2 protein chains.
Amino acid sequence: MDDLDKKALSELMAHGRITWAELASRMDLSSPAAADRVRRLEDKGIIKGYHAEIDPEKVGYGLTAFIFITLERPEHTAEFLHLIKEIPEIQECHHITGEDNYLVKVRCHGTRDLDRIITTELRGMHGVVKTKTVIVLDTQKETTTVPLKSNDE
Amino acid sequence: MDDLDKKALSELMAHGRITWAELASRMDLSSPAAADRVRRLEDKGIIKGYHAEIDPEKVGYGLTAFIFITLERPEHTAEFLHLIKEIPEIQECHHITGEDNYLVKVRCHGTRDLDRIITTELRGMHGVVKTKTVIVLDTQKETTTVPLKSNDE
DNA sequence: ACTGAAAGAAAGTACAG
DNA sequence: CTGTACTTTCTTTCAGT
């Protein structure tokens, strides 16, 4: 992956799947060259897909929360993860270090909705013995952009 | 926002900015009708943009972490937030309830890189008196899809 | 690995119903 | 909102550097 590939990725992260012609002009390259590079990046799985970004507040999902979950025993893991994937309000689920086992990011309508998710959906699962909820008051930065260069180098 | 708009949003979240013709066929609608709807959604700001999804591991950003940050006094907030926005490894920054003030999500090369971010970048800022780091061992779910319908209804 | 041009294929748009 | 027809634009191919 050279600098031109990085340039392509950063343009695509910023604008989605634009036309070869437009991408080519942003990269100072011809259309066939730009198309070739992007197809290679797609084939390698470096580009996983293309998505629209929706404003969660404008569609009624104004409350964000992070929930730490403790699982009683490892045997519960498979079923737990399967159920987690079925809950649309759960955007992320990470296995983490520390006191608790999992950290999930939730996006929902409001506190009543959050209460239902914690009480019914999560604490109703086998093996979930403890949850710890952190409510998001305000979000100052939120991007899915991968940092192709850091401030360090 | 009716059901057809929701259908449009979910298709766009899944596939990015596809052609009007393709979107129209997925929605059982004519191209001009689909185009009109999407343009309205863009104008209202419900659709905030289009992006490519990049595999972080494949571009060398295999380590994810969440860091809780405690700020000494409210006066430090403005400068803190300004600096946070300049750090490309920080993908998210949320003001939260609980013991600590902010929760940031970090994506970096590895532990050495994380150490630099915590020690130099974060703890070097005015007002940052405490940080608490949670390392992500494995990510089972990670999407930016807004749940337009919940399991509840 | 990239350029440039040219052919061919599609996509977006405007308009009438 | 549909369906068509028009116009413009993009993609792809290929020969050449």
Side-chain angles (χ1 to χ4, degrees), chain A residues 1-56 58-61 144-150 153, chain B residues 1-62 88 109 143-149 153:
Chain A
M1 236 206 12
D2 59 8
D3 284 348
L4 234 42
D5 281 337
K6 287 188 183 178
K7 175 73 176 159
L9 289 178
S10 88
E11 291 295 338
L12 292 172
M13 278 195 284
H15 305 107
R17 175 82 145 72
I18 51 182
T19 62
W20 302 136
E22 188 175 346
L23 179 62
S25 93
R26 288 174 189 275
M27 294 177 67
D28 293 310
L29 222 65
S30 66
S31 298
D36 277 355
R37 277 177 180 275
V38 172
R39 264 192 277 265
R40 272 198 297 271
L41 292 167
E42 287 171 347
D43 290 343
K44 284 190 208 156
I46 292 175
I47 297 171
K48 293 175 78 178
Y50 299 92
H51 307 283
E53 181 192 358
I54 307 299
D55 188 327
K58 294 215 167 123
V59 292
Y61 284 81
T144 56
T145 305
V146 177
L148 295 174
K149 48 185 68 177
S150 79
E153 33 188 28
Chain B
M1 235 206 11
D2 59 9
D3 284 349
L4 234 42
D5 280 338
K6 288 189 182 178
K7 175 74 176 157
L9 289 179
S10 87
E11 291 295 338
L12 293 172
M13 279 195 284
H15 305 107
R17 176 78 146 76
I18 51 182
T19 62
W20 301 136
E22 189 175 345
L23 180 62
S25 93
R26 286 173 190 276
M27 295 178 66
D28 293 310
L29 222 65
S30 66
S31 298
D36 277 355
R37 277 176 181 274
V38 172
R39 265 192 276 266
R40 273 197 296 270
L41 292 167
E42 286 171 347
D43 290 343
K44 283 190 209 157
I46 292 175
I47 297 170
K48 293 175 78 177
Y50 299 92
H51 309 283
E53 181 191 359
I54 308 300
D55 188 327
E57 301 203 9
K58 294 215 167 120
V59 292
Y61 284 83
H109 299 305
T143 170
T144 57
T145 306
V146 177
L148 295 174
K149 49 185 67 177
E153 34 188 24

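Order of the sequence lines fixes the chain letters, A, B, ..., with proteins taken first and strands second; residue numbering starts at 1 for each chain. Only a predicted model underlies this, so the values are computations on that prediction, with no experimental measurement involved.
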Exercise. Which is the 5'-most and which the 3'-most nucleotide of DNA chain D that has an atom under 4.0 Å from a heavy atom of chain B?
Worked result: D:dC1 to D:dG3
Exercise. Taking CG from A:Asp28 and P from C:dC2, how many angstroms apart are they, rounded to a whole number?
Worked result: 13 Å
Seminar exercise, completed: Sorted by chain and number, sequence neighbours left out, side-chain hydrogen bond (donor to acceptor under 3.5 Å, both in side chains) with A:Arg37 holds for A:Asp2, A:Asp5
Seminar exercise, completed: Here the residues of residues 9-26 of chain B within 4.0 Å heavy-atom distance, strictly under, of DNA chain D are none
Exercise. What is the minimum heavy-atom distance between B:Ile47 and A:Ala52, and which atoms define it?
Worked result: CG2-CB, 4.5 Å
Exercise. Taking only Watson-Crick and G-U wobble pairs with both distances under 3.5 Å, what dot-bracket line describes DNA chain D, where [ ] shows pairs that cross earlier ones and | shows pairs with another strand?
Worked result: |||||||||.|||||||
Donor-acceptor contacts, no H, no angles, side chain residues 24-32 of chain A, under 3.5 Å, sequence neighbours left out:
residue: A:Ser25; atom: OG; partner: A:Glu22; partner atom: O; Å: 3.2
residue: A:Arg26; atom: NH2; partner: A:Glu22; partner atom: OE2; Å: 3.0

Problem set entry | Residues from residues 30-44 of chain A lying under 4.0 Å of DNA chain D - heavy atoms | A:Pro32, A:Arg39
Problem set entry | Min side-chain heavy-atom separation B:Met13-B:Val146 under 4.5 Å | yes
Exercise. Is B:His51 reaching over with its side chain to a backbone N or O of A:His51, donor-acceptor style, under 3.5 angstrom?
Worked result: no
Exercise. Are the aromatic rings of B:Tyr61 and B:His109 close, with centres under 6.0 Å apart?
Worked result: yes
For this session: Mind calculating the distance between CG (A:Leu29) and C1' (C:dT3) to the nearest angstrom?
Result: 9 Å
